[in-house]
Amino acid sequence: MNQLDIVIDAITSRRSVRGFLPKPVSVGLINKILATASYAPSGSNIQPWKVHVVTGGKRDELSRQLREAHVRNLPEEREYDYYPVNWRSPYIERRRETGWGLYETLGIKKGDRKASAQQHERNYAFFGAPVVLIFSIDNDLQQGSWLDYGMFLQNIMVAARACGLHTCPQAALANYPGITKNLLGISEDQTVICGISMGYEDSNCLANRYRPARITLDEFVTFHS
Ligand SMILES: Cc1cc2nc3c(=O)[nH]c(=O)nc-3n(C[C@H](O)[C@H](O)[C@H](O)COP(=O)(O)O)c2cc1C
């Protein structure tokens with residue numbers, strides 16, 4: 001592969017993996033990915049990211065507490081709205097297609113709430129990934145910094161591909177920020193944005209066979225000349 005193809009391959013082979021092997025990831029590799037990701041651009045180079053790397057016993061404890069909150073149906077305390085308050089076309093259709101597509105791959109029938117809830121719960125087991133990255137940002141930073149943050153997150157996921165790893169970005173990991181902050185010692189002047197589960201793909205996991213389609217260029221590009 002030439003250099004351009006390697007970059008394109010890293011981008012297009014990134015997908016949300018929802019089944020990982022328990023195989024550990026070395027600290028050296030985690031650091032390499034984060035150092036690579038830090039080359040992301042940010043307005044005035046302010047680099048608004050704060051990363052909390054969670055592995056081992058802390059990972060298990062975070063999983064336990066988040067799962068418990070979810071199973072006990074505790075109210076979610078998200079610190080920001082990730083999704084629109086009022087879903088509308090065309091986004092609602094895309095959302096449904098993605099959700100149903102995954103459930104269909106898993107053999108979960110429409111309306112099977114128990115099986116859907118179980119799959120949702122897997123978020124809090126980090127889909128079996130040995131490494132969880134939790135991302136926070138200073139409360140007083142603005143939308144521009146969130147834009148910068150997105151580029152940093154994407155860099156992590158693409159760099160992970162270059163290192164043979166896979167990822168799943170998870171807004172679900174910002175559902176109970178109180179638990180996460182308490183366990184990881186994240187101060188109250190921070191907002192928990194999301195998490196990324198990271199590790200080696202379990203290629204036998206059914207969920208990993210699902211690959212949501214993309215809209216075509218004519219649906220989102222307008223050329224002006
Ligand atoms: C910021 C962000 C948060 C997400 N949160 C979740 C999540 O909580 N749980 C999950 O299973 N997938 C989550 N996803 C994955 C999306 O469902 C996925 O990116 C989308 O369906 C496109 O599929 P692909 O990533 O495999 O290309 C999230 C993606 C992003 C970018």
Side-chain angles (χ1 to χ4, degrees), residues 8-20 37 40 48-52 54 59 62-63 65-67 69-71 76-84 87 90-106 108 115-129 131-137 143 145-161 165-177 179-180 191-203 205-216 219-220:
I8 289 177
D9 184 66
I11 293 171
T12 55
S13 70
R14 184 220 55 81
R15 60 199 153 79
S16 297
V17 158
R18 299 186 179 86
F20 293 87
W49 29 84
K50 284 197 164 59
V51 186
H52 312 268
V54 192
R59 172 222 177 268
L62 182 63
S63 172
Q65 292 191 20
L66 293 176
R67 268 172 113 161
H70 174 70
V71 170
E76 293 177 358
E77 301 161 336
R78 303 186 55 84
E79 295 170 302
Y80 70 99
D81 284 329
Y82 184 64
Y83 286 117
W87 281 94
Y91 309 111
I92 181 80
E93 290 86 359
R94 291 178 195 160
R95 178 183 209 206
R96 285 192 184 128
E97 189 185 323
T98 304
W100 287 336
L102 176 63
Y103 287 165
E104 214 166 74
T105 306
L106 292 168
I108 300 174
S116 324
Q118 274 169 353
Q119 175 58 26
H120 181 65
E121 199 184 313
R122 298 267 308 136
N123 270 289
Y124 303 113
F126 316 126
F127 303 109
V131 180
V132 188
L133 306 173
I134 299 288
F135 302 96
S136 66
I137 186 168
Q143 282 174 323
S145 296
W146 287 65
L147 194 63
D148 302 337
Y149 219 121
M151 299 182 207
F152 174 69
L153 297 176
Q154 171 73 350
N155 266 3
I156 290 177
M157 295 186 278
V158 172
R161 288 305 302 122
L165 299 175
H166 273 284
T167 53
C168 186
Q170 291 171 261
L173 300 184
N175 282 347
Y176 304 103
I179 290 176
T180 306
T191 298
V192 175
I193 295 185
C194 68
I196 290 182
S197 292
M198 185 165 81
Y200 296 92
E201 179 184 14
D202 176 359
S203 49
C205 176
L206 219 53
N208 292 341
R209 297 200 188 150
Y210 178 57
R211 189 107 211 239
R214 295 300 196 259
I215 56 173
T216 52
E219 291 178 88
F220 71 96

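Order of appearance sets the numbers: ligands from 1, and atoms from 1 within every ligand. Because the structure is a prediction, the values reported are computed rather than measured.
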Pull out every atom of ligand 1 sitting under 4.0 Å from any heavy atom of [X], numbered as shown with elements.
X	value
R18	10 (C), 11 (O), 12 (N), 15 (C), 16 (C), 17 (O)
N123	7 (C), 8 (O), 9 (N), 10 (C), 11 (O)
R15	26 (O)

The complete set of side chain to side chain donor-acceptor pair (under 3.5 Å) pairs with one or both residues in residues 9-18, sequence neighbours excluded, reads S13-R161, R15-E201
Minimum-distance protein heavy atom relative to [atom]:
atom	answer
atom 1 (C) of ligand 1	Y82 OH, 3.0 Å
atom 28 (C) of ligand 1	P169 O, 3.2 Å
atom 26 (O) of ligand 1	S16 N, 2.8 Å
atom 20 (C) of ligand 1	P212 CG, 4.5 Å

Any residue meeting ring-ring contact (aromatic ring centres under 6.0 Å, His included) with Y80, in chain and number order, not counting sequence neighbours: W146
Could you tell me if any non-hydrogen atom of R14 lies under 4.0 Å from any atom of ligand 1? yes
Of all heavy-atom pairs linking I179 and L66, the shortest is CG2-CD2, 4.0 Å
Angle between ring planes, W49 versus Y149, binned at 30° and 60°: parallel, tilted or perpendicular? perpendicular
